[in-house]
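Remember, it's a predicted structure, so these values are computed and weren't measured experimentally. First the proteins, then the strands, lettered A, B, ... as listed; each starts at 1.
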Amino acid sequence: MPAHTPPVSELHRRILDWFDEHRRALPWRDDPEPWRVMVSEFMLQQTPVVRVLPVFEAWLERWPTPAALAASSSGDAVRAWGRLGYPRRALRLHAAAVAIVERHDGRVPDSYDELLLLPGVGDYTAAAIASFAHGRRAVVLDTNVRRVFARVVEGVQYPAAGVVRAERDVAASLLPDDEATAARWAAATMELGAVVCTARSPQCDACPVSDLCRWRALGHPEHDGPPRRGQAWHGTDRQCRGRLMAVVREAHGPVAPELLVAAWSEAAQRERCVDSLLDDGLLDLDAEGRFILPG
DNA sequence: TATGCGTGGAC
DNA sequence: TGTCCAAGCAT
């Protein structure tokens, strides 16, 4: 651990106390049943809480267990996903539900290693489910936690583009030994990053560790280094795919190819994107060559 | 390790 | 208006 790291016990006490008082009431937090936590984590990958809330409630109403989702088609999952974005997540959640039924007797596994083997579950999601749903001790490193540690410990505005070894070591060294406390710590540090230590305008006045924060002590130096490149959007395949998926998702029946022209006029790109959507399993063709969601 | 992958709100 | 950002994953 770097020499400038604040006293760990003090960080723990302050952030855990702050969390006890300020934690948001969230449906997957108030009732952290494992399937609910798993669904929420898939939906929250790159998608804000406020947009997830209504879709989450409808999803759990319809599919209260992995077995229920596994018994539906992947296309039903894609349609229910609505406009959350990155619809391949819906496909992966469906595939994960099938795997849970086949390999885990319908119960969401509780170990990081088993979770990691599920489709759509990477390092973060495996750690989050193990920690939030099962109370396990796991290093939960999401964008919020990474930003909090980058600022408080390293004294920089933003973490590096990718997780590096040293960063994981710092996070591991800060994780409380006690299992239940470690799980609270994971939720607390995420919450602090999501609500107070935000990317754009951090609310240092409301931060329980502002006086221990290295970034604040240094005068909030701005990000130094290569510019953080935003994702291109206009005219990209992602935009095209989104338009095409919206047409099929919101149609009442099969969609004739001609109807996709209105969604994207440039033929070569449209056809390339249709092919990629078919390849991904997000679209399918019926007997008449019309587009449908997979059955 | 760098890209590609949706969507919409905030500024 | 354009840019940035949001509980990442797979390749």
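- Straight-line distance from the OH atom of A:Tyr158 to the C1' atom of C:dC5: 9 Å, rounded to whole Å.
- No donor-acceptor contact under 3.5 Å links the side chain of A:Arg200 to the base of C:dC5.
- Nucleotides C:dA7 and B:dC11 place their P atoms 15 Å apart, quoted to the nearest Å.
- Each of A:Ala126 and A:Pro48 lies near DNA chain C, and the nucleotide nearest A:Pro48 is the one positioned closer to the 5' end.
- A:Trp81 comes within contact range of no nucleotide atom at all, as no heavy-atom separation falls under 4.0 Å.
- Heavy atoms of A:Val140 sit nowhere under 4.0 angstrom from any nucleic acid atom.
- The distance between atom CD of A:Gln231 and atom P of B:dT7, rounded to the nearest whole Å, is 13 Å.
- Looking at the side chain of A:Arg249, the nearest of the listed nucleotides C:dC5, B:dT7, C:dA7 is B:dT7.
- Counting to the nearest Å, the P atom of B:dC5 and the CG atom of A:Asp280 are 9 Å from each other.
- Look at CD on A:Gln239: it is 14 Å from P on C:dT3, rounded to the nearest Å.
- Contact annotation for A:Ser40: no contact, since no heavy-atom pair falls under 4.0 Å across all strands.
- Within 4.0 Å of A:Gly162, counting heavy atoms only, lies no atom of the nucleic acid at all.
- Using a 4.0 Å heavy-atom criterion, one finds that A:Arg241 contacts the sugar-phosphate atoms exclusively.
- Rounded to whole Å, the distance from CZ on A:Arg146 to C1' on C:dG8 is 11 Å.
- Sequence order on DNA chain C of the closest nucleotides to A:Pro119 and A:Asn144 puts A:Asn144 first from the 5' end.
- Note on A:Phe132: nothing from the nucleic acid sits closer than 4.0 angstrom, heavy atoms only.
- Under the 4.5 Å side-chain criterion, counting only non-hydrogen atoms from C-beta, A:Glu41 is in contact with A:Phe132.
- Across the protein-nucleic acid pair, A:Tyr86 atom OH and C:dA6 atom C1' stand 10 Å apart, rounded to whole Å.
- Nucleic acid contact for A:Asp237: sugar-phosphate only, since backbone atoms but no base atoms lie under 4.0 Å from a heavy atom of the residue.
- Base contact: A:Arg24 has a heavy atom under 4.0 Å from a base atom.
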Next on the checklist: Run the side chain to side chain contact (heavy atoms under 4.5 Å, CB included) test on A:Ser173 and A:Asp169 for me, step by step, so that the C-alpha distance in whole Å, both residues' side-chain angles and the decisive distance to 0.1 Å come before the verdict.
Outcome noted: CA-CA 6 Å; A:Ser173 72; A:Asp169 289 345; over 6 Å; no
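- Between A:Trp28 and A:Phe56, the two ring planes are perpendicular [angle over 60°; tilted spans 30° to 60°].
- Comparing the same atom, P, in B:dG6 and in C:dT11 gives a spacing of 14 Å after rounding to whole Å.
- Using a 4.0 Å heavy-atom criterion, one finds that A:Ala128 contacts no nucleic acid atom at all.
- Using a 4.0 Å heavy-atom cutoff across all strands shown, A:Arg83 reaches sugar-phosphate atoms only and no base atom.
- With salt bridges taken as basic N to acidic carboxylate O contacts below 4.0 Å, none links A:Glu266 and A:Arg272.
- Side-chain to base pairing of A:Arg238 with B:dT7: no donor and acceptor N or O lie closer than 3.5 Å to each other.
- Going from atom CD of A:Gln45 over to atom P of C:dA10 covers 8 Å, rounded to whole Å.
- Using a 4.5 Å heavy-atom cutoff, the side chains of A:Arg83 and A:Glu250 are in contact.
- Side-chain contact between A:Met245 and A:Leu277 is present, with heavy atoms from C-beta onward closer than 4.5 Å.
- Contact annotation for A:Arg147: backbone-only contact, meaning every heavy-atom pair under 4.0 Å involves sugar-phosphate atoms and none involves a base.
- A:Asp205 has its side chain out of reach of A:Gln203: every pair of non-hydrogen atoms, C-beta onward, lies at least 4.5 Å apart.
- Within 4.0 Å of A:Leu26, counting heavy atoms only, lies at least one base atom of the nucleic acid.
- Among the heavy atoms of the strands lying under 4.0 Å from A:Thr143 are primed sugar atoms or P, OP1, OP2 only; no base atom is included.
- Nucleotides B:dT3 and C:dC4 place their P atoms 16 Å apart, quoted to the nearest Å.
- Checking the phosphate oxygens (OP1, OP2) of B:dT7, no side-chain nitrogen or oxygen of A:Arg88 falls inside 4.0 Å.
- Each of A:Gln46 and A:Val163 was matched to the nucleotide of DNA chain B holding its nearest heavy atom; the match closer to the 5' end belongs to A:Val163.
- Of the side-chain N and O atoms in A:Thr236, none sit less than 4.0 angstrom from OP1 or OP2 of B:dG4.
- As rounded to whole Å, 12 Å separates atom P of C:dA7 from atom CG of A:Leu192.
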